[in-house]
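I have placed the structure first, in the form of C-alpha cells, so that the comments after it can refer back to it.
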Amino acid sequence: MADLPRLRIIEERDAPAVLDAFDDDDMRRQGTIRTLEEAENWVSFMGGRGERLALAIDLGGQMIGAVVVSSIDQENETGWFWYWMHREHRGKGWMSRAAVTLADHALTDMFLHRLELGHRANNPASGGVARAAGFIHEGIEREKFLVDGVRIDVHTYARLATDPWPETPRLPLDL
C-alpha cells in the first residue's frame, strides 16, 4: 500500500522534519529543538546504535514521527520505549502500528524481555498507543511531572516477551 508508512533508521536528511515536528507545544516534553543545528544533533544522537534503536516513521520519503527503544540494559534485558508523531499525522492509527512493530522487534530480534514506558495522564492518546502495542498498564506515578506549575500524574506500562501479542497490524520494517 503506497499510503502506508514504513519504519527505517533515522538519517541525517530527517533533521528538517524533526525541527518542524518539535515546533509544537505538545512536543515540549520530548525535548527542545529550536534550530536546524539542534535537530541535526538530535538526529545524529538518535541514529547512533547501542543503547538505543531509534526508527523514523517514514511516509513517502518524509519522516513523520519516531519510535524508540532507549536506555537498553542488556544485563536485565530491558528497554525504555517512547514515541512521537508530527501533529499533522496524529489520529490515523499509524503510531500504534509503528509501536507494535518496534516492540515486536525489540522482544524478539533484540532479545529484550521487558519494555517500559510512561505517559502523562493528560495525554490519553499515548495510552491508547501503548495498549494497542500490547503494553499493560502497571500503575500511576502520582504528580511526577511539573508542567506550567501544575503537577501531572504519569501512567506506567510494560510489555513482556511472554505477554499475549496484540492483533494491531504491523508496519513494514526496513533495517
Side-chain angles (χ1 to χ4, degrees), residues 1-72 78-112 115-120 123-135 157 159 161 165-175:
M1 178 185 281
D3 296 328
L4 192 64
R6 304 180 71 76
L7 298 181
R8 62 165 170 80
I9 299 295
I10 293 174
E11 302 171 352
E12 289 180 18
R13 67 183 173 102
D14 295 322
V18 169
L19 178 60
D20 183 48
F22 276 76
D23 184 21
D24 177 0
D25 284 342
D26 290 338
M27 291 286 288
R28 264 188 343 146
R29 297 302 287 197
Q30 296 290 344
T32 303
I33 296 177
R34 294 191 179 108
T35 67
L36 185 57
E37 181 180 9
E38 289 173 344
E40 289 167 345
N41 289 340
W42 187 93
V43 165
S44 177
F45 180 75
M46 286 297 141
R49 291 190 132 183
E51 292 186 10
R52 82 191 59 78
L53 176 57
L55 301 178
I57 303 168
D58 182 298
L59 182 64
Q62 181 77 18
M63 181 181 182
I64 62 168
V67 61
V68 182
V69 178
S70 62
S71 301
I72 294 172
T78 63
W80 184 255
F81 199 89
W82 54 277
Y83 39 81
W84 58 260
M85 180 68 76
H86 188 282
R87 62 196 164 274
E88 292 178 9
H89 298 282
R90 294 178 191 146
K92 299 177 181 178
W94 291 340
M95 183 52 72
S96 295
R97 294 179 73 166
V100 74
T101 303
L102 178 55
D104 288 357
H105 177 76
L107 295 170
T108 55
D109 296 341
M110 294 173 67
F111 306 107
L112 297 180
L115 299 174
E116 302 170 339
L117 70 81
H119 74 82
R120 295 183 319 274
N123 183 3
S126 189
V129 168
R131 289 185 300 278
F135 286 76
Y157 291 77
R159 180 171 165 194
W165 284 41
E167 295 181 14
T168 304
R170 278 57 173 175
L171 290 178
L173 177 59
D174 300 327
L175 289 182

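Counting begins at 1 with the first residue of the sequence.
Contact between Pro16 and Arg13 at its shortest, heavy atoms only, is CD-O, 3.4 Å. A pairwise comparison of heavy atoms in Ala66 and Trp42 identifies CB-CH2, 4.2 Å as the closest pair. Contact between Val100 and Pro169 at its shortest, heavy atoms only, is CG1-O, 3.7 Å. Closest approach of Ala133 and Ser96 over heavy atoms only: CB-O, 4.5 Å. Nearest approach of Pro5 to Ile64, heavy atoms of both residues: CG-CD1, 4.4 Å. Nearest heavy-atom pair, Phe135 versus Ala103, reported as atom, atom and distance to 0.1 Å: CE1-CB, 4.2 Å.
Looking at His119 and Asn123, their side chains never bring a donor and an acceptor atom within 3.5 Å of each other.
Interatomic distance, Asp20 CG to His86 NE2, rounded to the nearest 0.5 Å: 3.5 Å. Between atom OG1 of residue Thr78 and atom CD of residue Glu116 there is a gap of 6.0 Å, rounded to the nearest 0.5 Å. Considering NE2 of His89 and CZ of Arg87, their distance stands at 9.5 Å, rounded to 0.5 Å. Residue Leu7 holds its CG atom at 9.5 Å from CG of Leu53, rounded to the nearest 0.5 Å. Interatomic distance, Leu173 CG to Leu102 CG, rounded to the nearest 0.5 Å: 7.5 Å. Atoms OG1 and CZ, from Thr168 and Arg170 in turn, are 6.5 Å apart once rounded to the nearest 0.5 Å.
Val69 has its side chain out of reach of Arg52: every pair of non-hydrogen atoms, C-beta onward, lies at least 4.5 Å apart. Arg159 places a side-chain heavy atom less than 4.5 Å from the side chain of Asp104. Using a 4.5 Å heavy-atom threshold, the side chains of Trp80 and Leu115 count as separate. Using a 4.5 Å heavy-atom threshold, the side chains of Asp14 and Met46 count as separate. Looking only at side-chain heavy atoms (C-beta outward), Ser70 and Phe81 stay at 4.5 Å or farther from each other. For the pair Glu11 and Val43, the minimum side-chain heavy-atom distance is 4.5 Å or more. Side-chain atoms of Tyr83 and Ile57, non-hydrogen and from C-beta on, never get closer than 4.5 Å to each other. Residues Tyr157 and Arg131 form a side-chain contact, since some pair of their non-hydrogen atoms from C-beta on lies under 4.5 Å apart.
Side chain of Thr101 to backbone of Arg97: a donor-acceptor contact under 3.5 angstrom is found. No side-chain donor-acceptor contact under 3.5 Å links Gln62 to the backbone of Leu59.
In summary, Arg8 and Asp58 engage in a salt bridge, as defined by a charged side-chain N under 4.0 Å from a carboxylate O. Between Lys92 and Asp3 no salt bridge is recorded (no basic side-chain N to carboxylate O distance below 4.0 Å).
Trp84 does not carry Arg90 over the face of its six-membered ring by the limits of under 6.0 Å from the centre and within 45° of the normal.
When Leu55, Val129, Leu171 are each tested for a side chain to side chain contact (heavy atoms under 4.5 Å, CB included) with Val67, only one passes: Leu55.
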